[in-house]
Amino acid sequence: MLIAYWVLAVLLAVFYAYSGGKKVTQSQDQLRPMMGWVDQIPMRLVRVIGALELLGAAGLLLPPYLGMAAAVGLTLLQVGAIITHLRRGEARLIGLNIGLVLLSVVTAWLATTWL
């Protein structure tokens with residue numbers, strides 16, 4: 001189970017480091033083709049979301065009892081993303097978000113097996 005935790009934690013950390021890094025460093029025009037919602041949210045909030053993703057990625061690489069908190073936080077971010085997509089009429093785009101929620105929940109659960 002510990003190996004499964006670390007595999008999922010590292011995969012999620014890589015994804016969120018990439019995604020968060022883009023949100024923190026790229027302009028609204030650069031983000032728009034991949035993230036149409038950036039036009040409806042202030043760039044300051046986009047940057048905060050990116051920073052939270054980077055912090056979550058770093059947290060996943062900490063010992064499992066701390067990684068669990070990061071996984072829960074990233075789950076909440078994805079729930080917000082799902083709500084945003086649904087409000088924008090983009091239900092067809094939530095597959096990745098649902099997958100990330102499931103992976104984060106499993107990662108958090110696996111972390112609890114080592115407490």
Side-chain angles (χ1 to χ4, degrees):
M1 295 286 241
L2 186 59
I3 292 172
Y5 167 79
W6 283 113
V7 167
L8 287 178
V10 168
L11 288 173
L12 284 170
V14 167
F15 176 85
Y16 281 110
Y18 174 77
S19 175
K22 284 185 125 357
K23 289 179 183 91
V24 168
T25 61
Q26 292 188 342
S27 70
Q28 188 175 28
D29 291 332
Q30 291 171 309
L31 292 172
R32 190 176 298 114
M34 289 180 14
M35 305 170 201
W37 53 269
V38 297
D39 287 335
Q40 295 180 338
I41 295 177
M43 274 309 287
R44 179 176 282 159
L45 182 56
V46 173
R47 302 273 189 239
V48 168
I49 292 168
L52 290 172
E53 288 179 345
L54 289 171
L55 288 171
L60 287 169
L61 301 177
L62 295 173
Y65 59 90
L66 296 171
M68 178 181 62
V72 170
L74 292 170
T75 300
L76 295 175
L77 274 176
Q78 288 305 315
V79 169
I82 290 169
I83 292 168
T84 299
H85 283 304
L86 292 176
R87 285 185 178 168
R88 288 175 43 92
E90 301 171 336
R92 69 191 189 300
L93 298 179
I94 65 172
L96 175 62
N97 304 104
I98 291 171
L100 290 168
V101 165
L102 293 174
L103 288 175
S104 295
V105 167
V106 170
T107 302
W109 174 76
L110 287 170
T112 64
T113 63
W114 300 103
L115 295 180

Can you give me every donor-acceptor pair (side chain of residues 87-96, partner residue at least two apart or in another chain, under 3.5 Å) with its distance?
{"unit_1": "Arg88", "atom_1": "NE", "unit_2": "Glu90", "atom_2": "OE1", "d": "3.2"}
{"unit_1": "Arg88", "atom_1": "NE", "unit_2": "Glu90", "atom_2": "OE2", "d": "3.0"}
{"unit_1": "Arg88", "atom_1": "NH1", "unit_2": "Gln40", "atom_2": "OE1", "d": "2.9"}
{"unit_1": "Arg88", "atom_1": "NH2", "unit_2": "Glu90", "atom_2": "OE2", "d": "2.7"}
{"unit_1": "Glu90", "atom_1": "OE1", "unit_2": "His85", "atom_2": "ND1", "d": "2.7"}

| request: Go through the structure and list residues passing side chain to side chain contact (heavy atoms under 4.5 Å, CB included) with Leu11, not counting sequence neighbours. | output: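 For Leu11 the side chain to side chain contact (heavy atoms under 4.5 Å, CB included) partners, ignoring immediate neighbours, are Val7.
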
| For Leu103, what residues pass the side chain to side chain contact (heavy atoms under 4.5 Å, CB included) criterion, not counting sequence neighbours? |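 If we apply the side chain to side chain contact (heavy atoms under 4.5 Å, CB included) test to Leu103, skipping adjacent residues, the hits are Leu8, Leu12.
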
| said: For the CH2 atom of Trp37 and the CZ atom of Arg32, what is their distance to the nearest 0.5 Å? | reply: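 So the gap between those two atoms works out to 12.5 Å.
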
| From Leu60 CG over to Phe15 CZ, what is the distance, rounded to the nearest 0.5 angstrom? |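 Here the interatomic distance stands at 12.0 Å.
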
| query | Among Thr112, Leu2, Leu110, whose side-chain contact (heavy atoms from CB on, under 4.5 Å) with Pro64 holds? | reply |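 With Pro64 as partner, side-chain contact (heavy atoms from CB on, under 4.5 Å) holds for just one option, Leu2.
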
| request: Answer with yes or no whether the hydrophobic clustering places Ile41 together with Met34; edges join I, L, V, M, F, W, Y residues whose side-chain heavy atoms lie under 4.5 Å apart. | output: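 In one cluster with Ile41: Met34, yes.
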
| query | Tyr18, Val10: one ILVMFWY side-chain cluster at the under-4.5 Å cut-off? | reply |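 Per the 4.5 Å side-chain linkage, Tyr18 and Val10 are not co-clustered.
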
| query | For Gln28 and Leu31, what are the C-alpha separation, side-chain angles and deciding distance, and is it a side-chain contact (heavy atoms from CB on, under 4.5 Å)? | reply | CA-CA 5 Å; Gln28 188 175 28; Leu31 292 172; 5.8 Å; no

Check residues 66-81 and write down every donor-acceptor pair under 3.5 Å in which the side-chain atom is one partner and the other belongs to a residue at least two apart or another chain.
{"unit_1": "Thr75", "atom_1": "OG1", "unit_2": "Ala71", "atom_2": "O", "d": "2.8"}
{"unit_1": "Gln78", "atom_1": "OE1", "unit_2": "Asn97", "atom_2": "ND2", "d": "2.6"}
{"unit_1": "Gln78", "atom_1": "NE2", "unit_2": "Tyr16", "atom_2": "OH", "d": "3.2"}

Side-chain donor-acceptor distances from residues 43-59 under 3.5 Å, at least two apart:
{"unit_1": "Arg47", "atom_1": "NH1", "unit_2": "Lys23", "atom_2": "O", "d": "2.6"}
{"unit_1": "Arg47", "atom_1": "NH1", "unit_2": "Val24", "atom_2": "O", "d": "3.3"}
{"unit_1": "Arg47", "atom_1": "NH1", "unit_2": "Gln26", "atom_2": "O", "d": "2.6"}
{"unit_1": "Arg47", "atom_1": "NH2", "unit_2": "Gln26", "atom_2": "O", "d": "3.1"}
{"unit_1": "Glu53", "atom_1": "OE1", "unit_2": "Ser19", "atom_2": "OG", "d": "3.0"}
{"unit_1": "Glu53", "atom_1": "OE1", "unit_2": "Gly20", "atom_2": "N", "d": "3.1"}
{"unit_1": "Glu53", "atom_1": "OE1", "unit_2": "Lys23", "atom_2": "NZ", "d": "3.0"}
{"unit_1": "Glu53", "atom_1": "OE2", "unit_2": "Lys23", "atom_2": "NZ", "d": "3.2"}

